[in-house]
Peer 1: 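Please find one structure pasted underneath; my questions will follow.
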Amino acid sequence: MADNTAGESRYNPIETEAKWRRRWAETGLYKRVEDPTRPKHYALTMLPYTSGDLHIGHWYAMAPSDAHARYMRMNGYNVWFPVGFDAFGLPAENAAIKHGIHPFKWTMANIEHMRGQLRAMGAMWDWEHEAITCLPDYYKWTQWFFLKFYERGLAYRAMGPVDFCPTCNTTLAREQVWGEDRHCERCNTPVVKKNLEQWYFRITDYAQQLLDDMAKIEWPERVLAMQENWIGRSEGAHVVFHSEQGDEIPVFTTRPDTLWGATFMVLAPEHPLVDQLTTSEQREAVTEYQLAASRQSEIERLATDKVKTGVFIGAYAVNPVNQSRIPIWTADYVLMGYGTGAIMAVPAHDDRDLAFAIKYGLPVIPVIKRPDGLAKSIVYPGSVREGLAGALHAAGIRYEVGPVDDAGEGLFVSLQGDEQIDRYVQLVHDYLLPGHWAEVVGSRWLFVFADGVRALDSVAADAEILARCQAICPSAADNRTVVEMISRLPFYQDVLYHVEYGEMMSSGRFTGTPGEVAKAKVIAWLEEQGLGHAEVNYRMHDWLISRQRYWGAPIPMIYCDQCGVVPVPYEDLPVLLPEDAEFMPTGESPLKYHAGFVNTTCPKCGGPARRETDTMDTFMCSSWYQYAYVTPYHKGDTPWDLQQGKYWLPVDQYTGGIEHATMHLLYTRFFTKVLRDIGLVDFDEPMKRLFCQGMILGEDNEKMSKSRGNVVNPDDYVRTLGADSVRAFLMFIGPWELGGSWSSTGIEGINRFITRVWNVIIEPPEHPVDGEAAPAQIRELRRWTHQTIREVTADFESFKFNTALAAMMKFNNNLVKAKQTALYGTPAWQEAVSNLVLLMAPIMPHVAEELWERLGQPYSVHEQRWPIYDEELAQDEQITLVIQVNGRVRARLEAPAQISAQEAQALAQAQPNIARALEGQQIVNAIFVPGKLLNLVTR
RNA sequence: GCCGAAGUGGCGGAAUGGUAUACGCGGUGGUCUCAAAAACCACUGGAUGCAGAUCCUUGUGGGUUCGAAUCCCACCUUCGGCACCA
């Protein structure tokens with residue numbers, strides 16, 4: 001019977017979706033209004049780059065974001081969901097070179113196409129506040145910010161080694177250089193080092209605030225962890241060493257408690273003191289090394305075999321805490337870009353220093369006891385009187401017997417703690433034969449000779465012990481240090497060094513200081529003595545913003561031979577990109593060769609001057625776009641209308657990809673703090689809450705790419721199944737933050753669900769039932785309704801769209817059955833279907849609107865209040881009571897939800913299966929979880 | 001090496017101390033049809049069994065608990081970030 005009506009009433013997503021999008025636009029449904037009576041909610045999703053095509057990844061990022069914004073709107077919030085385009089950047093310029101089309105034309109055509117695609121999504125975008133970053137009225141303000149930063153000393157020009165992408169023909173910020181091979185984030189080409197004068201922003205001035213203010217935002221742990229990692233704070237001390245000639249050599253160390261173990265110094269090859277301190281005998285070797293080091297960084301870092309190299313520069317320094325004379329080396333494992341570019345090397349407590357020390361025969365002096373107290377010793381065959389093994393055994397000292405080289409059986413002793421070490425040293429000394437020695441290595445380093453015990457506690461001791469050992473054992477002659485000798489024995493490998501905090505030793509007055517306070521005590525003393533002070537260092541560098549390309553906002557600076565670097569006056573902004581630029585196949589910026597652009601007059605003296613030809617990193621444009629949206633292309637003294645900003649800012653809910661964790665998401669936080677200091681905003685953080693979605697993968701669970709041939713074009717599905725199906729399927733795949741793979745059969749399942757809902761609500765029942773529905777039936781239907789509202793609401797709160805959809809599906813499956821009963825058409829039925837439509841509205845806005853209208857409800861479903869569930873109605877009356885015996889399920893009974901422990905147990909024991917399980921057993925305990933289960937514990 | 005996320009049926013996944021596998025896909029059988037598709041109905045983790053039922057199963061191995069996918073310890077694998085950062 002449905003045959004002749006089906007054609008007419010079957011859901012047609014294509015027509016319906018177009019109809020409602022038109023209606024929404026005509027009625028200005030998503031227009032922004034400032035309404036002080038309602039709490040505002042600024043929802044934002046990362047603005048798309050103007051690539052020209054909205055791919056499935058954009059849908060995956062944006063559709064759930066829209067669904068959540070719609071949910072907030074239905075919850076009474078005055079929601080604003082603006083949209084715009086990140087329009088500067090290389091692809092436009094590459095298109096210009098390749099196809100001879102101007103980047104502006106290319107970009108604007110792409111935007112036109114993408115607007116259509118974005119509209120098809122049916123999102124609640126506010127198009128009236130769209131902003132495009134490449135328009136002069138936008139980048140005027142980007143340049144304005146540059147000048148403000150410059151005024152505050154936050155923008156500076158400096159010469160230095162920078163990362164340069166040979167394919168993109170421009171420098172990059174450190175944040176844009178990725179991976180072990182240090183490749184360009186955009187084009188994957190490994191970068192090269194160049195020495196260039198570039199513009200930087202002092203983001204490092206805000207490093208501490210960027211860390212501290214993490215407490216003020218609800219962002220995913222993983223994003224904050226990545227930023228924390230990137231900022232790389234370490235606490236330590238600034239300590240000043242001196243060369244023998246008296247030159248200051250400051251170092252940064254996180255371990256001032258190991259100062260007494262510093263046995264050499266290392267300067268980065270680019271360190272200015274290298275040239276100054278190198279002696280004439282070493283000059284040639286050092287210069288050669290420096291050259292090799294600079295070449296190496298220019299070639300490629302791919303081969304990071306990490307074998308340490310270095311050269312002695314011939315000079316010595318004095319360890320300020322114990323006055324020992326220590327050699328100065330230069331080596332490329334010390335980086336000029338971190339700390340002071342010089343280190344004190346403590347090989348006993350740092351693996352890199354140890355590797356270097358062993359390779360170059362530099363002494364190793366342990367100054368921190370091992371927290372685990374472990375020490376080891378080898379007793380050589382024939383070096384002791386008989387009976388030592390027995391004595392060790394009696395003393396409770398662990399040892400194993402094994403071959404020592406080819407010399408016979410020796411003892412391999414493991415010691416634990418000072419007491420045992422002392423006891424052992426005593427015993428070995430007692431049993432030691434003349435002309436031999438024994439060593440203790442690990443927590444403490446002791447050398448037992450026939451005439452006494454010598455500790456490895458200084459550079460002098462190292463030489464003395466080595467000489468004595470070599471006198472006893474001629475085969476040790478080629479060793480340069482004690483540790484080099486010891487390091488050849490595999491048994492000692494794991495106790496050669498350690499990096500833990502622990503009790504200080506061989507450290508003069510600090511010997512015996514416990515590990516927990518060692519660092520603080522030493523720093524306090526250094527300050528007292530004027531030798532150094534506490535210092536914090538950050539791994540993060542300043543933000544390099546110069547780009548040697550055309551398609552970006554020109555840096556508004558002028559170079560005058562008379563006046564030097566002069567900022568463009570505010571009233572002269574924007575510095576426009578010349579339209580008649582010529583794009584060269586080399587990729588070099590046309591600005592450099594554009595005489596009309598380059599040549600200008602100095603704003604100060606009026607004389608001839610040159611413009612800066614570099615443009616700004618496009619991350620500049622996106623660092624403040626959330627503010628630009630407030631009043632795009634603002635005509636006034638401020639980048640946006642501050643009054644309107646007061647109402648809307650900051651962003652309440654931001655969403656986007658995690659790949660921006662240490663780029664956009666870091667830069668915009670930095671920007672906001674500067675804007676606050678300028679007085680434009682009165683908050684510290686740009687986005688209160690952030691949610692990062694995962695990645696949408698191809699059907700084969702691999703990244704979508706043209707070469708794999710697994711790219712999904714959303715437009716194809718929008719044309720056949722409709723935008724609602726695409727939206728809902730993307731949200732159904734799995735948890736949004738984890739991403740998931742596309743499935744062409746999966747989306748049909750979603751489409752089936754939408755059709756089933758349609759049929760449940762629109763089609764009359766096939767076999768109408770006469771008579772009244774029973775009260776219990778009605779209660780059950782209402783229970784399903786209110787349980788579903790409860791579940792879906794909780795899921796929306798935590799972005800769990802997949803389970804929200806599952807709950808709606810389950811509910812609809814129940815409605816399919818209920819429809820064939822007398823429940824159809826009852827008030828409870830009406831309640832069920834209208835609530836289902838409301839719950840669907842954020843995810844499937846078009847079909848929900850159509851169903852809402854067909855239910856005879858007033859336009860628009862998107863202006864309705866989100867349903868509120870009734871806790872009482874959602875309560876279960878009957879439950880499945882699980883009966884366990886010793887934790888194993890033995891029966892399931894239908895029982896009233898309120899059943900008591902006693903009733904449950906009586907009911908359970910009446911079950912044959914339970915009775916059998918309990919046979920011959922005694923119940924010692926009964927655990928009852930109301931409404932859930934009864935567990936009978938027997939003996 | 002350090003930091004973070006994850007590991008559950010044939011597949012995507014659900015369940016964060018109490019019925020493991022919700023929901024969906026796929027599969028099998030059926031209804032309708034001349035037939036197919038669509039739609040609808042039923043079944044669908046594995047093993048044993050005619051059945052009642054029993055046993056096994058959440059990366060591996062231990063532990064805590066009346067009870068563990070969930071908490072603790074150790075390990076394995078995959079993915080993401082950082083990495084000679086003193």
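Throughout, a chain's letter reflects where its sequence line sits, starting with A, and its residues are numbered from 1. Only heavy atoms go into these numbers, but all of them, side chains included; no hydrogens, no water, no symmetry mates.
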Peer 1: Could you classify G24(B) for me, syn or anti, using a glycosidic angle within 90° of 0 as syn?
Peer 2: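 This nucleotide is in anti.
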Peer 1: Measure from the side chain of Thr745(A), starting at C-beta and using heavy atoms only, and say which of A86(B), A20(B), G26(B) lies closest.
Peer 2: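 In terms of side-chain proximity for Thr745(A), the closest of A86(B), A20(B), G26(B) is G26(B).
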Peer 1: Measuring to OP1 and OP2 of C40(B), would you say a side-chain N or O of Lys817(A) lies under 4.0 angstrom away?
Peer 2: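 So the side-chain polar atoms of Lys817(A) never come under 4.0 Å of the phosphate oxygens OP1 or OP2 of C40(B).
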Peer 1: Grab the CG-P distance between Leu893(A) and U19(B) for me, whole Å please.
Peer 2: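 Roughly 15 Å, once rounded to whole Å.
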Peer 1: How close or far is atom C1' of C25(B) from atom CE of Met809(A), stated in whole angstroms?
Peer 2: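 Computing the Met809(A):CE to C25(B):C1' distance gives 10 Å.
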Peer 1: Mind calculating the distance between CH2 (Trp230(A)) and C1' (G81(B)) to the nearest angstrom?
Peer 2: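 Between C1' of G81(B) and CH2 of Trp230(A): 10 Å.
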Peer 1: Consider only side-chain N and O atoms of Arg916(A) and Asn913(A), and report whether a donor and an acceptor are under 3.5 Å apart.
Peer 2: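 On atom types as modelled, these side chains qualify, holding a pair under 3.5 Å.
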Peer 1: Can you find a side chain N or O atom of Ser234(A) that sits less than 4.0 Å from OP1 or OP2 on A86(B)?
Peer 2: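 Yes, within the criterion.
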Peer 1: Please give the nucleotide sitting opposite U33(B) as a Watson-Crick or G-U wobble pair, both distances under 3.5 Å, or none.
Peer 2: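 When the pairing criteria are applied, nothing turns out to pair with U33(B), so the answer is none.
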Peer 1: RNA chain B: Met336(A) or Asn229(A), which has the more 5' nearest nucleotide?
Peer 2: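 The residue closer to the strand's 5' end, by nearest nucleotide, is Asn229(A).
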Peer 1: Calculate the interatomic distance between Leu881(A) atom CG and G67(B) atom P; express it in whole Å.
Peer 2: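 That distance rounds to 19 Å.
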Peer 1: Below 4.0 angstrom, N of the basic side chain to O of the carboxylate: do Asp700(A) and Arg708(A) qualify?
Peer 2: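 Not counted as a salt bridge, because no side-chain N and carboxylate O are separated by less than 4.0 Å.
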Peer 1: Using the closest heavy atom to pick a nucleotide of RNA chain B for each, name whichever of Asn802(A) or Val937(A) lands nearer the 5' end.
Peer 2: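 It is Asn802(A), whose closest nucleotide lies nearer the 5' terminus.
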Peer 1: Quickly work out the Asp795(A) CG to C23(B) P distance and round it to whole Å.
Peer 2: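 So the CG-P distance, Asp795(A) to C23(B), works out to 15 Å.
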Peer 1: Counting any heavy atom closer than 4.0 Å, what does Leu933(A) reach on the DNA or RNA strands: base, sugar-phosphate only, or nothing?
Peer 2: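 Base contact - Leu933(A) has a heavy atom under 4.0 Å of at least one base atom.
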Peer 1: Report the C-alpha distance between Ile328(A) and Phe264(A) in whole Å, list the side-chain angles of each, state the deciding distance to 0.1 Å, and finish with yes or no for side-chain contact (heavy atoms from CB on, under 4.5 Å).
Peer 2: CA-CA 6 Å; Ile328(A) 305 174; Phe264(A) 59 102; over 6 Å; no
Peer 1: What is the distance, rounded to the nearest whole Å, between atom CZ of Arg222(A) and atom C1' of C82(B)?
Peer 2: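 Rounded to the whole Å, the gap is 16 Å.
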Peer 1: Any ion pair linking Arg233(A) and Glu228(A) (charged N to carboxylate O, less than 4.0 Å)?
Peer 2: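 The answer is no: the pair does not qualify as a salt bridge.
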Peer 1: Expressed as a whole number of angstroms, how long is the span from Phe801(A):CZ to G13(B):C1'?
Peer 2: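 Atom CZ in Phe801(A) sits about 17 Å away from atom C1' in G13(B).
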Peer 1: Tell me whether the OP1 or OP2 atom of A22(B) has a side-chain N or O from Asn813(A) closer than 4.0 Å.
Peer 2: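 No, outside the criterion.
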Peer 1: Between Gln922(A) and Thr938(A), do the side chains contain a donor N or O and an acceptor N or O under 3.5 Å apart?
Peer 2: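 Looking only at side-chain atoms, Gln922(A) and Thr938(A) do not form any donor-acceptor pair under 3.5 Å.
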Peer 1: Whether Arg756(A) contacts C40(B) is assessed here as follows: a side-chain N or O lying under 4.0 Å from the phosphate OP1 or OP2. Is that the case?
Peer 2: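 Yes, because at least one side-chain N or O of Arg756(A) sits under 4.0 Å from OP1 or OP2 of C40(B).
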Peer 1: Who is the Watson-Crick or G-U wobble partner of G4(B), with both distances under 3.5 Å?
Peer 2: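 Partner of G4(B): C79(B).
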Peer 1: Does a side-chain N or O from Arg539(A) land closer than 4.0 Å to OP1 or OP2 of C82(B), or not?
Peer 2: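 No.
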Peer 1: With rounding to the nearest 0.5 angstrom, report the CE to CD1 distance, Met695(A) to Ile658(A).
Peer 2: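 Here the interatomic distance stands at 10.5 Å.
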Peer 1: Counting only distance, no hydrogens or angles, is the base of C66(B) paired donor-acceptor with the side chain of Asn935(A) under 3.5 Å?
Peer 2: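 A donor-acceptor contact between them is present.
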Peer 1: Verify the contact: side-chain N or O of Arg174(A) to OP1 or OP2 of A83(B), cut-off strictly under 4.0 Å; return yes or no.
Peer 2: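 Yes, such a contact exists.
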Peer 1: Counting side-chain heavy atoms from CB outward, which of A20(B), G26(B), A86(B) is closest to Phe252(A)?
Peer 2: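 Nearest nucleotide to the side chain: A86(B).
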Peer 1: Below the 4.0 Å mark, does C56(B) have OP1 or OP2 next to a side-chain nitrogen or oxygen of Arg888(A)?
Peer 2: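 So the side chain of Arg888(A) is within the cut-off, an N or O lying under 4.0 Å from OP1 or OP2 of C56(B).
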Peer 1: Take atom CG of Asn759(A) and atom P of A38(B), then tell me their distance rounded to the nearest Å.
Peer 2: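 About 16 Å, once rounded to whole Å.
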Peer 1: Think Arg890(A) has a side-chain N or O under 4.0 angstrom from the OP1 or OP2 of U19(B)?
Peer 2: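 No, outside the criterion.
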